Amino acid sequence: MTEAFPLTRIALPTGVSLDVATAGDPAAPAMIFLHGFPESHRTWRHQIPEFARDHFVIAPDQRGFARSDKPERVENYTPDKPVGDMLALARHFGKERFTLIGHDWGGAIAWMAALQNPQAVERLIILNAPHPLVFQRSMFDGLDQRRASQYIRAFRDPAIETMIAGIGVEAFFDKTFVGHADADKLAAERPFYVDQWSQPGALTAMFNWYRASAIQVPAMDENPPRPAFVDAPFPPVIPPTLVIWGMGDTALLPCQLEGLDALVPRLTVVRVPEAGHFVPWEAPDAVNRAIRDWLAAS
């Protein structure tokens, strides 16, 4: 098993060291790619060479993942921490402005970064990652997304590490991915996942992203008070934004696209019917084409 991209270990002023894949001319405009759960920079294995042709591509293994640092406490995984890592990484390479691309949890971090730092995020590209307001609303305005998100409650339960220790990382891989992606593509990637998840502290660190999130995921039989912020004014996303959505996603449903245009004034949505949650590598040609077309037009 060999890595497709060489990694550089970078110590950040945020207190963590990350493994980072880079490609392209360092003087070119930057694109920062943020992966999600339960992956690594390899999420972008089809995008890195494509966009390195005319950009400087930066793709870290985020804190808690693969062999990057894994701070122990849950509070080290609140969204502001990986946002800080990303901004520090951009400064490390001398990039004051950049195109930011995120999938899954990486997309959640990208949404937050764009909301809080529009002066740095020149363009925003999101792949199957819900806007925080739309996501929280969907937990209270209907049962479909709440039902699909019950896995978050399981990941927040400290008993999950004990369960995985009993069945083994390989069995957890098989259980986690059944029905979520193409079986042949998964089989080729299985050794990478098992290796990364087997690193000391990796599973707890990855689950801590869920534990540190403020998003409420009620149980199916709960009727908790509706969070006040979901009906209050919410700041718009300023940068031009491309959202690419694998329509077969069974964890993050297409309802996450509803109402986005009211929150993202310069929004483009591309639906990919032939892919599910892992759209960057399930349908890489469609993803790369959508990004290329949008960059050319924006």
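Just so it is clear, the structure is predicted and the values come from calculations on it, not from any experiment. Values below: every heavy atom of this structure, side chains too, minus hydrogens, waters and symmetry copies.
- The two residues Gly201 and Lys70 make their nearest non-hydrogen contact at C-CD, 3.8 Å.
- Under a 3.5 Å cut-off, the side chain of Glu274 and the backbone N or O of Ala283 do not form any donor-acceptor pair.
- At a threshold of 4.0 Å, the pair Arg42-Glu189 counts as salt-bridged, since one of the basic side-chain nitrogens sits closer than that to a carboxylate oxygen.
- If you check the side chains of Trp281 and Glu39, you find a donor sitting under 3.5 Å from an acceptor.
- For Trp209 and Phe37, the gap between ring centers reaches or exceeds 6.0 Å.
- Under the ring pair (Phe, Tyr, Trp, His ring centres under 6.0 Å) criterion, Trp294 pairs with no residue, sequence neighbours left out.
- Of the possible donor and acceptor atoms, none in the side chain of Gln47 sits under 3.5 Å from a partner among the backbone N and O of Val287.
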**OP:** Run the numbers on Leu133 and Leu263 for side-chain contact (heavy atoms from CB on, under 4.5 Å), then give the verdict.
**Re:** CA-CA 9 Å; Leu133 180 62; Leu263 298 163; 3.8 Å; yes
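- In this structure, Met86 and Leu34 have side chains that are in contact, with non-hydrogen atoms separated by less than 4.5 Å.
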**OP:** Apply side chain to side chain donor-acceptor pair (under 3.5 Å) to the pair Asp85 and Thr14, showing each step before the final yes or no.
**Re:** CA-CA 6 Å; Asp85 293 342; Thr14 54; 2.7 Å; yes
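- Exactly one residue among Arg63, Gln62, Arg67 makes a side-chain contact (heavy atoms from CB on, under 4.5 Å) with Phe65. That residue is Gln62.
- Taking the centre of each ring, Phe33 and His41 stay at or above the 6.0 Å mark.
- The six-membered or imidazole ring of His131 lies near that of Trp111, with a centre-to-centre distance under 6.0 Å.
- Residues Arg292 and Asp54 are paired through a salt bridge, judged by an N-O separation under 4.0 Å between the basic side chain and the carboxylate.
- Between the side chains of Thr99 and Glu122, no donor N or O sits under 3.5 Å from an acceptor N or O.
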**OP:** Apply side chain to side chain donor-acceptor pair (under 3.5 Å) to Arg123 and Ser298, showing your working.
**Re:** CA-CA 9 Å; Arg123 299 180 186 87; Ser298 63; 3.2 Å; yes
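- For Glu222 and Arg153, the salt-bridge test passes: some basic side-chain N is under 4.0 Å from an acidic carboxylate O.
- Smallest separation of non-hydrogen atoms from Gly276 and Asn128: O-ND2, 4.0 Å.
- Checked by atom type, the side-chain pair His277/Asp104 shows a donor-acceptor distance below 3.5 Å.
- There is a side-chain donor-acceptor pair under 3.5 Å between Gln145 and Gln256.
- Between His103 and Phe278, the ring-plane angle classifies as tilted under the 30° and 60° cut-offs.
- Across all their heavy atoms, Pro79 and Ala212 have their closest contact at CD-O, 4.3 Å.
- Look at Asp195 and Arg190 and you find no salt bridge, because none of the NZ, NE, NH1 or NH2 atoms lies under 4.0 Å from a carboxylate O.
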Under 3.5 Å, sequence neighbours excluded: what are the donor-acceptor pairs made by side chains of residues 154-165?
residue: Arg156; atom: NE; partner: Tyr210; partner atom: O; Å: 2.8
residue: Arg156; atom: NH1; partner: Ile215; partner atom: O; Å: 3.2
residue: Arg156; atom: NH2; partner: Tyr210; partner atom: O; Å: 3.3
residue: Arg156; atom: NH2; partner: Ser213; partner atom: O; Å: 3.3
residue: Arg156; atom: NH2; partner: Ile215; partner atom: O; Å: 2.9
residue: Asp157; atom: OD1; partner: Ala159; partner atom: N; Å: 2.9
residue: Glu161; atom: OE1; partner: Arg211; partner atom: NH2; Å: 2.8
residue: Glu161; atom: OE2; partner: Thr204; partner atom: OG1; Å: 2.9
residue: Glu161; atom: OE2; partner: Arg211; partner atom: NH1; Å: 2.8
residue: Glu161; atom: OE2; partner: Arg211; partner atom: NH2; Å: 3.1

